[in-house]
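Side chains included, hydrogens not; waters and symmetry mates left out as well; all remaining heavy atoms used. FYI, the numbering just counts along the sequence from 1.
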Amino acid sequence: MRFFAQMRGWKGHGAILAIALLLLVAPRLITAAPLDMLDGEQSRSMADPAEDSGANFPGSAFFYAQGAFDPVPGVATVQSEHVLGLDEVKAAPAMIFRGLTGLDSYRALNCLTSAVYYEAANEPDDGQRAVAQVVLNRVRSQLWPNTVCGVVYQGSERTDYRCQFTFSCDGAMARVPAAAAWVRARRVAEDALAGKVYAPVGLATHYHTLAVRPDWSSSLQAVAVIGAHIFYRNPGFSGTPAAFAAPYLGRETISGPARTSWPARPAQPIEMLAAPYTPPTQALPPVAPRSGWTPAPLPQRVDDGLPESTIRPEYRNSGRPLI
């Protein structure tokens, strides 16, 4: 009886071993697809364009999603290499933005250049001009400040990253811009302030990158995808040309974001980075000492007469003149 019991135990162990071997061998028995099928015309014709590395960028999946960017039926839209029109647009009213003083004009130019650079430095010209136009559209609207710098740095004092333009409150401005890219952005800003309207963006006052989808986007009308941004206008009267008639007063009272802390070492101006240093051609003339003038005596140290052992080593030369 004991022998038959052992036989039954061996059979049980053998069955478990056979199942384990089958699980290991079974995947190798499955025939893989022939390589010629994977390299055929049929596979190439059915390839997903979203898998093409050369056609991808952050947010490019939106372009391959069916119906994601369908234009409004029955309207004329702008279509070009960098612009995908989604709705019929009406160009913003042309206007020259000129400051009351030279300082006001400089501030307006610098603020708009910052917006173009930090929001679209790597964008094509269409993308940079669209960002500049959105800023100026807001200046002409009653819903936003009526100065260029006021629009660009609105909400920059916030610490929850909910400022109007994220670069003004997320620390991006602590990085010194690349000189060549700054000059390019400045040229776009100059043209926009001189009255050169970028029509494909129309009366848009909002935009976001294709990599995100903010909650507010569903309440606005999408007008175009330009570069890596999608642009929106307000619905109703706020999205019509009549709503963009606010005058530009030309007084720029601020020139940068509302900072709570400043860098210990100020950054060199961008204009200085673009130009090489040229030493002065003539040496400064020597300054002759004034006649009849004698220097005042140095003030007496409060610790004079104290034993050196009572003064901490790092403070022993504090206040003494350097010779």
Val151 vs Gln164, test: side-chain contact (heavy atoms from CB on, under 4.5 Å). Steps then yes/no. CA-CA 8 Å; Val151 166; Gln164 292 296 308; over 6 Å; no
Keeping the roles fixed (side chain from [X], backbone from [Y]), state whether a donor-acceptor pair exists under 3.5 Å.
X      : Y      : result
Arg233 : Gln221 : no
Asn137 : Gly202 : yes
Glu252 : Ala108 : no
Ser219 : Trp216 : yes
Ser156 : Ala258 : yes

Is the shortest side-chain heavy-atom distance between [X] and [Y] below 4.5 Å?
X      : Y      : answer
Ser114 : Tyr153 : yes
Glu190 : Leu109 : yes
Leu203 : Pro93  : yes
Thr253 : Thr147 : no
Pro200 : Val89  : no
Ile230 : Leu210 : yes
Thr101 : Arg251 : yes
Leu220 : Pro235 : yes

Compare every heavy atom of [Y] with every heavy atom of [X], then report the nearest pair and how far apart it is.
X      : Y      : value
His208 : Ser217 : NE2-CB, 4.0 Å
Ser168 : Pro257 : O-CB, 3.6 Å
Val223 : Ala204 : CG2-CB, 4.1 Å
Gly127 : Ala120 : O-CB, 4.2 Å
Ala246 : Val139 : CB-O, 4.3 Å

Among the clusters formed by ILVMFWY side chains lying less than 4.5 Å apart, do Val134 and Val197 turn up in the same one? no
Hydrophobic clustering (ILVMFWY, side-chain heavy atoms < 4.5 Å, transitive) - are Met95 and Phe244 grouped together? no
For Thr113 and Asn110, run side-chain hydrogen bond (donor to acceptor under 3.5 Å, both in side chains): C-alpha distance rounded to whole Å, both residues' side-chain angles, the deciding distance at 0.1 Å, then the answer. CA-CA 5 Å; Thr113 302; Asn110 192 65; 5.8 Å; no
Calculate, to the nearest 0.5 Å, the distance between atoms [atom1] and [atom2] belonging to [X] and [Y] respectively.
X      : Y      : atom1 : atom2 : result
Cys163 : Arg158 : SG    : CZ    : 8.5 Å
Ile226 : Asp126 : CD1   : CG    : 7.0 Å
Tyr198 : Leu136 : OH    : CG    : 14.5 Å
Glu123 : His82  : CD    : NE2   : 9.5 Å
Thr205 : Gln133 : OG1   : CD    : 11.5 Å
Thr209 : Glu119 : OG1   : CD    : 9.5 Å

Do you see a donor-acceptor pair shorter than 3.5 Å between the side chains of Gln154 and Arg138? no
Listed by chain and number, what are the salt bridge (charged side-chain N to carboxylate O under 4.0 Å, His left out) partners of Asp191, not counting sequence neighbours? none
Have a look at His206 and tell me which of Tyr232, Trp144, Phe231 forms a ring pair (Phe, Tyr, Trp, His ring centres under 6.0 Å) with it. Trp144
Decide side-chain contact (heavy atoms from CB on, under 4.5 Å) for Asp125 and Arg184; before the verdict, give the C-alpha distance in whole Å, the side-chain angles of both, and the deciding distance to 0.1 Å. CA-CA 9 Å; Asp125 286 348; Arg184 176 171 172 251; 3.0 Å; yes
Once the angle between the rings of Tyr207 and His229 is folded into 0 to 90°, is it parallel (under 30°), tilted (30 to 60°) or perpendicular (over 60°)? perpendicular
Hey, could you give me each pair passing ring-ring contact (aromatic ring centres under 6.0 Å, His included) that has a residue in residues 107-128? Not counting sequence neighbours. Tyr117-Trp182, Tyr118-Phe167
Show the numbers, then the answer: is there a side-chain contact (heavy atoms from CB on, under 4.5 Å) between Asn234 and Leu143? CA-CA 11 Å; Asn234 278 315; Leu143 302 178; 3.8 Å; yes
